[in-house]
Amino acid sequence: MHILLQRGAALAACWLTGVSLAIANPIEDQVPLDLVRVLLPGNPEQTFLYEGAPPGFPELPLPESASILGSMESGNMRRMVVEFAEPAGPARTRLIADMEAEDYLLITQPPQVMRPGSGGGFMAPPSIPDGMMVQLCHEQHGMLMLRIVGSGQGMAASTLLEVQSTALQVPGPAAFTPFRNTGAAEIRMAAPSNTSCEALLDQQQGRFQTMRSGLGAKVPGLLLPAAASGAQTRQSGLPGGGFGASGPSSGRSNEARFNMPGTAAGLYEHFSGQLRDQDWAEDHGAAGEVSATGAWVSTIRDQDGEERPVRGILSVMQDGDEQWNARFMFW
């Protein structure tokens, strides 16, 4: 018996030593399937891996150059990995556009638009960072979530897409949790719900819109031209109030400094169109090659529900070679 115990202890020591050596050497090829199923989340007995798309997953408008590397199903979760033969940003932008053409509604809004308390003002053209999860909703297929997660091995500029199907949830703060930007993408698709896609979008946007009221609700959002670079923006109160005829009044100033070719007249018209779309009307204005200015009017409702006028001044001024200052003051 004593000899058997010694042999057992020796074998256990060898086995432990072997495990220690195995851990020190990463597996680079032919990973055992049973090991993969155990390491993945969920019940191993309910985890299945496939060469193509997971069963029941809706077809995505993938380009011909894309290839499905494989997929997994574990309980109510389905995941698919797709490789795109293009960089992460363009691949995701193209997929979102193709999905919108097939009646998917983009729920996620760029952070420049959603930022609480930002109150509009000058903004760079909105874009969704590569590390930000993107949610799209389809009335039949439900919610789909896209996230860039890594790069493919076959091409230096390729992008991987991971597709995961889970239960539908109303978008919340977790939907905008930033992830480490590593160059690939993850998509999650959820089952349909009684909540419509339009209701989800309204709820998402309303979370930020309700934070603006009074004069702050009238701050126009002015997107800089797509060609603008090196943009710097800031917002502030008007010194000593505004320019009301009866004395100082509360007011705001929004300014932007950026670089791009063009004329003051062209930039003034670019911002003017956005002001008109946000219920501002031009009273008068003048524009030339290096400077432009104009007076604008609108109305807001105070806390008593009474309308009162709001006045603004839009100005664009050249400040060096292809350097511009834009400003919108209102009170």
Whether [X] side chain and [Y] backbone form a donor-acceptor pair below 3.5 Å:
X    : Y    : answer
E139 : C197 : yes
S253 : M329 : no
R92  : I128 : yes
Q318 : E289 : no
S298 : W280 : no
Q274 : L223 : yes

For D279 and T299, run side-chain contact (heavy atoms from CB on, under 4.5 Å): C-alpha distance rounded to whole Å, both residues' side-chain angles, the deciding distance at 0.1 Å, then the answer. CA-CA 8 Å; D279 298 324; T299 59; over 6 Å; no
Neighbour count >12 (heavy atoms, 6.0 Å) for atom CD, E282: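 Atom CD in E282 is packed in, count exceeds 12.
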Are [X] and [Y] in one and the same hydrophobic cluster, where Ile, Leu, Val, Met, Phe, Trp and Tyr link if side-chain heavy atoms are under 4.5 Å apart?
X    : Y    : result
L49  : L35  : yes
M260 : M317 : no
F328 : V310 : yes
L33  : F48  : no

Just verifying a value: how many Å separate R234 CZ and E255 CD, rounded to the nearest 0.5 Å?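 Between R234 CZ and E255 CD, I get 4.0 Å after rounding to 0.5 Å.
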T47: partners by side-chain hydrogen bond (donor to acceptor under 3.5 Å, both in side chains), with sequence neighbours left out: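 Per chain and number, T47 pairs via side-chain hydrogen bond (donor to acceptor under 3.5 Å, both in side chains) with S74.
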Test M123 against T233 for side-chain contact (heavy atoms from CB on, under 4.5 Å), laying out the working first. CA-CA 7 Å; M123 298 175 288; T233 63; over 6 Å; no
Is any side-chain N of the basic residue among R78 and E73 closer than 4.0 Å to the acidic one's carboxylate O?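 No salt bridge links R78 with E73.
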